[in-house]
Each structure stands twice: as C-alpha cells, then as structure tokens.
Amino acid sequence: MALQWMILTYVVAAEAVLALLLTLPSPKLLKNRLVSLVSLILQPSLFIVPFAGFQLLDIYWKNEHRLMCTSEICTAAERDRYEKSIYKAQRNVILCVVAVLLYWCLYRISKYYKDIQTLEEVEKRYKNQ
C-alpha cells in the first residue's frame, strides 16, 4: 500500500514542478516548447484521475470498516495508533485531491497557452493581409 502513496506523491511533485515551470516567465520559444511537451505528457498521465479516485474509495472503505477506539477500554498505544491512522487517511485524501487538481491546472494552463498561440497566429495572418 505504501508504494501506491509513494507513486502518487511523486506524481504530485512532478505536476507541481511542471505547473511552476509553465507559470514562470520565460522566452516565447522556450515556453512554446514546454507547453507542447506538457501537452504530450498530459494525455498518458490521465491515469492519475482514476488512480486517485480509486485511492479515495479505498480510504472511504477503510474508514467505514475501521475499528473505533474511543472507549475507556482502549490503551494509550491503541488510541495513538488509531489517531495516527486517521491522520494518515486525512493526509492521503489531501494528496489525492491535490493530484487531480494539479492535473486539471496543468491541462487548463497548457490549453490557454495553445489558445493564445493560435490567436497570435491569426493576428499575424491578418496583419500580413
């Protein structure tokens, strides 16, 4: 199970770096190349959306079937383990949501840059006529 969360963590980190690179000011040629590269990467990396959804369902199922440790019978170690599992589940939910949100942001940013590029080409054609 930890491997899945490591994969998701690395994907979120890569998405964050790409979003940062796309939003930083850079020369037009470099920006166009970067946007085209990100656009090529986005389609195969769409797997992150169902993967994160599956992980969210897994967290929900585990939360529904988790043994509660709220009574006086529980020892301090059991209570600490229960609270630690709750915190890990909350962290993992945030990770899944951020993965999907960053994917959407990358998609929209690259789409906006492509739209701007096509509009600039249309403007250039009108100026040449």
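In the hydrophobic clustering of ILVMFWY residues, with side-chain heavy atoms under 4.5 Å counting as a link, Leu106 and Val49 come out together. Under the 4.5 Å side-chain heavy-atom criterion for grouping Ile, Leu, Val, Met, Phe, Trp and Tyr, Ile59 is not connected to Phe54 through any hydrophobic cluster. Placement of Val98 and Val17 within a single hydrophobic cluster is found when ILVMFWY residues are connected by side-chain heavy-atom separations under 4.5 Å, directly or transitively. A single hydrophobic cluster is seen to contain both Leu46 and Ile109, as judged by linkage of ILVMFWY side chains at heavy-atom distances under 4.5 Å, directly or through other members. Grouping the Ile, Leu, Val, Met, Phe, Trp and Tyr side chains by contacts below 4.5 angstrom, directly or via other members, places Ile94 with Trp5.
Side-chain contact between Asn92 and Gln55 is absent, with no heavy-atom pair separated by less than 4.5 Å. The side-chain heavy atoms of Leu42 and Ser110, taken from C-beta on, include a pair separated by under 4.5 Å.
Although no hydrogens or angles enter the test, the distance criterion places a donor-acceptor pair under 3.5 Å between the side chain of Lys31 and the main chain of Leu24. Side-chain N or O atoms of Tyr82 include none that pairs as donor or acceptor with a backbone N or O of Cys74 at under 3.5 Å.
Residue Asp115 holds its CG atom at 8.0 Å from CZ of Arg108, rounded to the nearest 0.5 Å. Distance check, rounded to the nearest 0.5 Å: SG of Cys105 to CG of Leu18 gives 12.5 Å. Rounding to the nearest 0.5 Å gives a distance of 12.0 Å between NZ of Lys111 and CH2 of Trp104. The structure places CD1 of Ile48 at 10.5 Å from CG of Leu102, a figure rounded to the nearest 0.5 Å. Once rounded to the nearest 0.5 Å, the distance linking NZ of Lys62 with CG of Asp58 reads 4.5 Å.
A pairwise comparison of heavy atoms in Tyr113 and Leu22 identifies OH-O, 3.1 Å as the closest pair. Taking each heavy atom of Ile41 and Pro44 in turn, the nearest pair found is O-CD, 3.2 Å. Residue Ser39 comes nearest to Lys114 through the heavy atom pair OG-CE, 3.2 Å, listed as atom of the first residue, atom of the second, then distance. Taking both residues in full, the closest heavy atoms of Ala52 and Val100 are given as CB-CG2, 3.8 Å, listed atom of the first, atom of the second, then distance. Between Glu15 and Tyr103 the shortest heavy-atom distance is OE2-CB, 3.5 Å. Of all heavy-atom pairs between Pro50 and Phe47, the closest is CD-O, 3.2 Å.
Annotation: Tyr107, atom OH; neighbour count of heavy atoms from other residues, nucleotides and ligands within 6.0 Å does not exceed 12. Within a 6.0 Å radius of CD in Gln43, no more than 12 heavy atoms belonging to other residues, nucleotides or ligands are found.
The cationic atom of Arg91 (NZ for Lys, CZ for Arg) does not lie both less than 6.0 Å from the six-membered ring centre of Tyr87 and within 45° of the ring axis.
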Going by atom type alone, with no hydrogens or angles, which donor-acceptor pairs under 3.5 Å involve a side-chain atom of residues 121-129 and a protein atom two or more places apart or on another chain?
residue, atom, partner, partner atom, Å
Asn128, ND2, Lys124, O, 3.3

